[in-house]
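What follows is a single structure, written as structure tokens, with notes after it.
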Amino acid sequence: MEICGGQTHSFLRHGLDALLPSQIELVHGPGCPVCVTPLEQIDKAIAIASRPEVIFTSYGDMLRVPGSSTDLFSVRAKGGDVRVVYSPLEAVQLAEAHPDKEVVFFAIGFETTAPANAMAVLLVQRKGITNFSIITAQVRVPPAIEAILQAESCRVQGFLAAGHVCAVMGFHEYLPITEIFQIPIVVTGFEPIDLLQGLYATIRQLEAGQAQVENQYQRAVSQQGNTAAQQSIQQAFQPVDRKWRGIGTIPKSGWGLRPELATFDAELKFEVQNLLSQESPLCIAGEILQGLKKPWHALPLAKNVPRKTRWVPLWSPRKGPARPITGTIDKISLDIESPSPQGRDNNYNKNQELWG
Amino acid sequence: MCLAIPGKLTEIYQKDTLRMAKIDFGGIAKEICLEFVPEAELGDYALVHAGFAISLMNETEAQENIQLIQEVSRFDDEVS
């Protein structure tokens, strides 16, 4: 299982999956913070972004993710002030430039992104800015790996750990996991050669009956990770139980604001903690994120989605995760059936047989 | 989401109590924050995510990374 959606994207984009022998199956893990952000958080973000006094800021990939009934792009289309930022520091600058407005930042991400979010909060606190707050949906990788391995239905035999998460956190957290669950974990980068090396190292361990943490991405990752970034996370956040979309709550799998920084918590500021959310019964996100189903299994279900809300949930089989698709079902079907590498078709057929 | 790319630090300065830098990504200049790599010096290569340097690379490693990205990009252009 490759943990990171960026790795999944790279595998598919470069056709590496088509080059692999049939005995090796890539299972795409829950490593996309956009995909695993719970519906409740998206609904809260939408409710806050709809307020006239708010400038809502977010990384671009969150804007198309559907909530219970709409998405942030639609809020913007209806006149909401929703802005895409490249860094949370840009959101802080907006708060300073617009003291008459409330600036809210959608703090999603894994451990790679959490330090930047933390620094924004710490900077705002240091500067005494009062019109800035964040809505958090940050998640931690090690508890997710443990949850996957503890599931009775788990088929995963090895992990490619997300290289940039490990650039921040190091890989010492994975050492007890390999020991307890006797499973190889290889820290892996994102270029095609990185991924092939990561796979090779994993398979070599499996064939030798080993279960260790290996670091393929040595040019960016050390065992201890980036201690300055870790300190920022510790100063601003604490581990909290976190719900993952389609999976449910995983203990201590999120980063929430520390109690002393509650004044920067947008959920409290705008009193949206108790919003009711309604997930579609058609959503199979959890089974996909645990490697039990493939993204294309969502497509037949999508035919039952009303035409007005024609979203295919969260994945594009050819383009990887984190790409919610709009368009007609016919177009989406054509996208899948258009010419593609033979190996990928074989994988598709193989998995169709496997899963029905 | 968790993608990060390497670039070369071309200018280092203080801004808003933070240590910041100008970084060159193959001809594109961006402002980034250096708070997580306090040891960074002018000319170093940094891996950047969400406006923050999260790791430093030596020049050989960074050039290898950049070369891999460029090779794949050229290949993609040829294929398409």
Side-chain angles (χ1 to χ4, degrees), chain A residues 3-7 9-10 13-15 31-35 59 61-62 85-90 92-93 96 108-117 119-120 122-123 126-127 162-165 167-168 189-194 218-222 225-232 321-322, chain B residues 1-8 13-23 25 28-40 44-80:
Chain A
I3 292 291
C4 179
Q7 292 173 330
H9 181 76
S10 197
R13 180 176 176 207
H14 303 300
C32 168
V34 175
C35 300
Y59 299 122
D61 41 10
M62 285 308 295
V85 291
Y86 162 71
S87 161
L89 295 184
E90 290 177 22
V92 176
Q93 287 169 359
E96 286 186 291
I108 72 154
F110 279 94
E111 292 96 326
T112 323
T113 319
N117 300 342
M119 184 56 74
L122 297 172
L123 177 66
R126 201 184 306 159
K127 298 184 81 171
H164 294 146
V165 165
V168 169
F190 296 81
E191 299 311 316
I193 194 75
D194 292 325
Q218 289 180 18
R219 64 185 188 276
V221 174
S222 62
N226 185 324
T227 50
Q230 290 167 27
Q231 280 169 13
S232 280
Chain B
M1 181 74 206
C2 284
L3 290 181
I5 50 174
K8 185 175 186 177
Y13 49 91
Q14 287 289 129
K15 181 180 169 187
D16 264 2
T17 74
L18 300 178
R19 191 161 183 249
M20 305 292 287
K22 284 273 162 54
I23 190 162
F25 297 117
I28 297 170
K30 291 285 289 182
E31 181 180 66
I32 62 154
C33 182
L34 293 182
E35 285 291 310
F36 303 143
V37 286
E39 70 278 27
D44 282 349
Y45 283 80
L47 201 58
V48 177
H49 174 76
F52 284 75
I54 56 170
S55 159
L56 292 180
M57 288 180 165
N58 67 39
E59 180 158 10
T60 310
E61 291 166 335
Q63 289 296 357
E64 186 188 332
N65 224 54
I66 292 165
Q67 194 184 334
L68 285 171
I69 292 168
Q70 287 172 342
E71 270 179 31
V72 168
S73 173
R74 271 198 301 275
F75 177 73
D76 280 352
D77 288 347
E78 284 171 23
V79 170
S80 60

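Any value given below was found using the heavy atoms of this structure, including those in side chains, with hydrogens, waters and symmetry copies removed. Everything numeric in this text was worked out from a predicted model, so none of it was measured.
- Ranked by heavy-atom pairs under 4.5 Å with chain B, the first of A:Thr227, A:Leu123, A:Asp194, A:Asn117 is A:Leu123.
- Under the 4.5 Å side-chain criterion, counting only non-hydrogen atoms from C-beta, B:Glu35 is in contact with A:Met119.
- Residue A:Glu96 touches chain B through its side chain alone, counting heavy-atom pairs closer than 4.5 Å.
- At a 4.5 Å heavy-atom cutoff, the contact between A:Gln93 and chain B is made by side-chain atoms alone.
- To the nearest 0.5 Å, the span separating CD on B:Glu31 from CG on A:Leu89 amounts to 8.5 Å.
- Of the atoms belonging to A:Ala116, heavy atoms from both backbone and side chain fall under 4.5 Å from chain B.
- Within the 4.5 Å cutoff, the side chain of A:Val168 has no heavy atoms near those of the B:Phe36 side chain.
- Residues A:Val92 and B:Asp16 fail the side-chain proximity criterion, which asks for heavy atoms closer than 4.5 Å.
- When all heavy atoms of A:Ser87 and B:Gly51 are compared, the pair lying nearest together is CB-CA, 3.9 Å.
- Separating the NE2 atom in A:His164 from the OG atom in B:Ser55 is a distance of 8.0 Å, to the nearest 0.5 Å.
- Within the 4.5 angstrom heavy-atom criterion, atoms from both the backbone and the side chain of B:Ile54 approach chain A.
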